[in-house]
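One structure below.
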Amino acid sequence: DIIIKDFGAITNGAGAYGIYYKDKPINTSTAGWFIKDSDYGNGSDGILNATSGTVYTDNVRTTVAGTNLAGSSTLVTSSATGFSVGDEVLIITMVDKATSNNTVGQHEFNTIISISGNTITLASNKTHAYTASSSQKHQVLKVPNYTSVTVASGVTLTCHSWDGSSGGILAFRANGSVTNSGTITVSEKGYRGIGHASSLSGNAHWRNKNGAQGEGIYGTGYAGGNSSGANNATWNGANGNGGGGGTGRQDSGGGAGGAYAANGTNGKNWGSHSGGTGGIAVGIANLSKLIMGGAGGEGGGDEDGHLPGAGGNGGGIIMISCASLTNNGSITANGANGGTGTNSNPKGSNGRGSGMAGGGGGAGGSVKIISSFNSASGTISSLAGTGGGNNGGGGRGGDGSVGRIALASTVSSYPTTTPTSSNESLSANSWIKLGTFASTGNNSAPISLTNKGLNLIIPAIKTYGFAIFSKTGTSMNYMTY
């Protein structure tokens with residue numbers, strides 16, 4: 001708890017008082033009421049002790065529905081099942097087809113204060129609009145607030161894969177320690193690469209086909225289809241940060257790599273058949289926007305083989321905020337490798353010859369960690385998937401790009417990451433000033449002070465010459481005298 005004590009009268013914004021946090025006073029000469037700006041949560045979900053198997057942090061999540069304007073405190077969802085009053089939530093834009101002023105990655109945290117049907121009411125007004133449409137998709141998920149997290153050796157802490165509506169995000173807070181000896185991962189759980197193995201049965205083959213584009217910030221693109229052998233941006237072009245597909249028919253072009261921190265690598269041309277164009281770089285180094293890695297494009301299909309290589313999935317999103325982190329395991333948001341063109345058909349007769357092209361690799365995703373980092377031997381990565389090979393002819397798939405990693409800490413020591421992280425130094429004593437009082441004693445009207453979703457209200461005719469306040473989540477508890 002944070003306790004604020006005001007000693008003596010406050011007149012026209014001037015007075016003497018002290019602020020106490022865990023029995024450590026922080027003095028200020030500026031009148032007003034303050035709380036500590038802590039990113040570590042309130043611990044309401046208790047201890048997470050992951051000792052076996054695979055543990056998911058995102059079991060409570062849904063899509064956003066309807067009209068949700070900026071500046072309002074309500075959020076219409078597809079289903080509010082699983083959410084509870086007091087839950088912290090992350091609201092985030094996942095898909096936006098706009099080619100300029102694209103909003104993918106915009107996000108905000110808030111707290112649920114009531115639920116009616118599928119409409120959630122939030123503690124503070126939304127900063128951004130989250131209106132669902134055919135061109136925009138948003139999701140909302142509970143952000144668990146643990147007291148501590150332990151991931152044992154051999155255990156995986158993860159999220160569900162992005163399915164085109166929700167998933168792909170691992171987010172939690174812990175107001176104590178996080179100790180990882182296992183794997184915390186969203187690798188290959190971001191934007192989706194496309195392959196056609198599952199659509200084939202018996203002796204069927206995927207021949208004379210143009211490769212599908214990888215999914216990216218614009219959503220899904222060209223899904224693959226019959227080829228005349230002509231090249232065209234409809235399939236060869238990038239799909240936002242998703243890679244383009246290769247041109248098919250006879251020996252084919254390779255699928256391109258997905259993108260995030262850099263452009264994806266183009267798929268290799270083969271003869272007159274073009275490989276896909278690499279996805280375009282997106283995002284911001286400090287991860288003020290959280291974006292998944294783009295998927296690789298599918299390779300083109302030739303006339304006598306079995307199947308071109310599928311595009312690799314991109315990496316998802318990790319957001320961890322904790323008082324301390326000891327990582328002796330791995331924290332990953334890597335992209336998947338592109339598939340290899342093949343003649344082998346496990347369901348029936350094989351293909352022959354050469355010319356089935358490889359798929360593009362997926363890009364790494366986002367890793368954002370706010371913590372004090374203890375010395376440890378583990379790894380933190382957001383690596384690119386590599387492009388897939390061919391079946392003896394046809395273009396190789398392009399490599400994806402690395403993702404983005406951003407670390408913020410109250411100490412100056414940061415762990416080594418791949419790729420190199422963007423680092424931000426935080427103040428150990430970061431305080432939010434809610435506001436000031438013009439006078440003391442009884443007041444004829446309620447006093448309401450709000451900042452960053454934290455609300456303090458003193459009813460009318462209530463003395464506040466001396467007050468003690470404490471914070472629980474976004475609620476301010478107080479006694480006035």
Side-chain angles (χ1 to χ4, degrees), residues 161 187-189 191-215 220-229 231 235-236 242-258 264-276 295-314 334-363 383-400:
S161 297
S187 291
E188 306 179 17
K189 292 180 178 288
Y191 291 124
R192 299 164 296 173
I194 292 178
H196 287 88
S198 63
S199 68
L200 303 177
S201 61
N203 296 326
H205 308 283
W206 193 256
R207 292 173 175 169
N208 295 319
K209 304 291 186 181
N210 295 314
Q213 293 174 310
E215 187 180 25
T220 54
Y222 178 78
N226 293 334
S227 176
S228 67
N231 302 310
W235 50 86
N236 294 143
T247 296
R249 199 170 189 90
Q250 298 182 333
D251 293 350
S252 304
T265 303
N266 293 343
K268 294 295 185 182
N269 300 334
W270 196 267
S272 63
H273 295 154
S274 295
E298 183 186 29
D302 74 359
E303 83 288 357
D304 58 356
H306 172 58
L307 186 72
N313 291 350
N334 302 333
N337 295 335
T340 296
T342 182
N343 287 332
S344 177
N345 178 12
K347 301 175 183 178
S349 62
N350 291 332
R352 62 186 185 276
S354 62
M356 286 289 183
L383 304 178
T386 59
N390 57 32
N391 65 340
R396 180 181 177 84
D399 296 340

### Summary
Heavy atoms of Gly229 and Ser227 approach each other most closely as N-OG, 3.0 Å
### Query
What's the shortest heavy-atom distance between Ala384 and Gly400, and which atoms?
CB-O, 3.1 Å
### Task
Please check if the side chain of Asn350 supplies one atom and the backbone of Asn345 the other of a donor-acceptor pair under 3.5 Å.
yes
### Task
Establish, from distance only, whether the side-chain atoms of Thr386 and Asp399 form a donor-acceptor pair under 3.5 Å.
no
### Query
Which heavy atom of Ile194 sits nearest a heavy atom of Glu298, and at what distance?
O-CB, 3.6 Å
#### Entry: Side-chain donor-acceptor pair present, Thr247, Asn236, cut-off under 3.5 Å
yes
### Message
Show the nearest heavy-atom pair for residues Asn391 and Asn343, with the distance to one decimal.
### Response
ND2-OD1, 2.9 Å
### Task
Run the numbers on His205 and Ser349 for side-chain contact (heavy atoms from CB on, under 4.5 Å), then give the verdict.
CA-CA 9 Å; His205 308 283; Ser349 62; 3.7 Å; yes
#### Entry: Exercise: identify the closest heavy-atom pair between Arg192 and Asn313
CA-OD1, 3.3 Å
### Task
Report the distance from atom CE of Met356 to atom CD of Glu303, rounding to the nearest 0.5 Å.
8.0 Å
### Query
Say you draw a straight line from CG of Asn208 to CZ of Arg249; how long is it, rounded to the nearest 0.5 Å?
4.5 Å
### Query
Can you tell me if Lys268 uses its side chain to pair, donor with acceptor, with the backbone of Gly358 under 3.5 Å?
no
### Task
State whether the side chain of Asn210 and the backbone N or O of Trp235 hold a donor-acceptor pair below 3.5 Å, judged by distance alone.
no
#### Entry: Side chain Asn231, main chain Ser272, donor-acceptor under 3.5 Å
yes
### Task
For Glu215 and Ala295, indicate whether the former's side chain and the latter's backbone hold a donor-acceptor pair under 3.5 Å.
no
### Trace of the side-chain contact (heavy atoms from CB on, under 4.5 Å) decision for Leu200 with His306
CA-CA 10 Å; Leu200 303 177; His306 172 58; 3.8 Å; yes
### Query
How close do Leu307 and His196 get, heavy atom to heavy atom, and via which atoms?
CD1-C, 4.0 Å
#### Entry: Qualifying residues under salt bridge (charged side-chain N to carboxylate O under 4.0 Å, His left out), relative to Arg396, sequence neighbours excluded
none
### Message
Closer than 3.5 angstrom, by distance alone: can the side chain of Ser187 be matched with the main-chain N or O of Asn334 as a donor-acceptor pair?
### Response
yes
### Task
Apply side-chain hydrogen bond (donor to acceptor under 3.5 Å, both in side chains) to Asp302 and list each qualifying residue two or more places apart in sequence or on a separate chain.
none
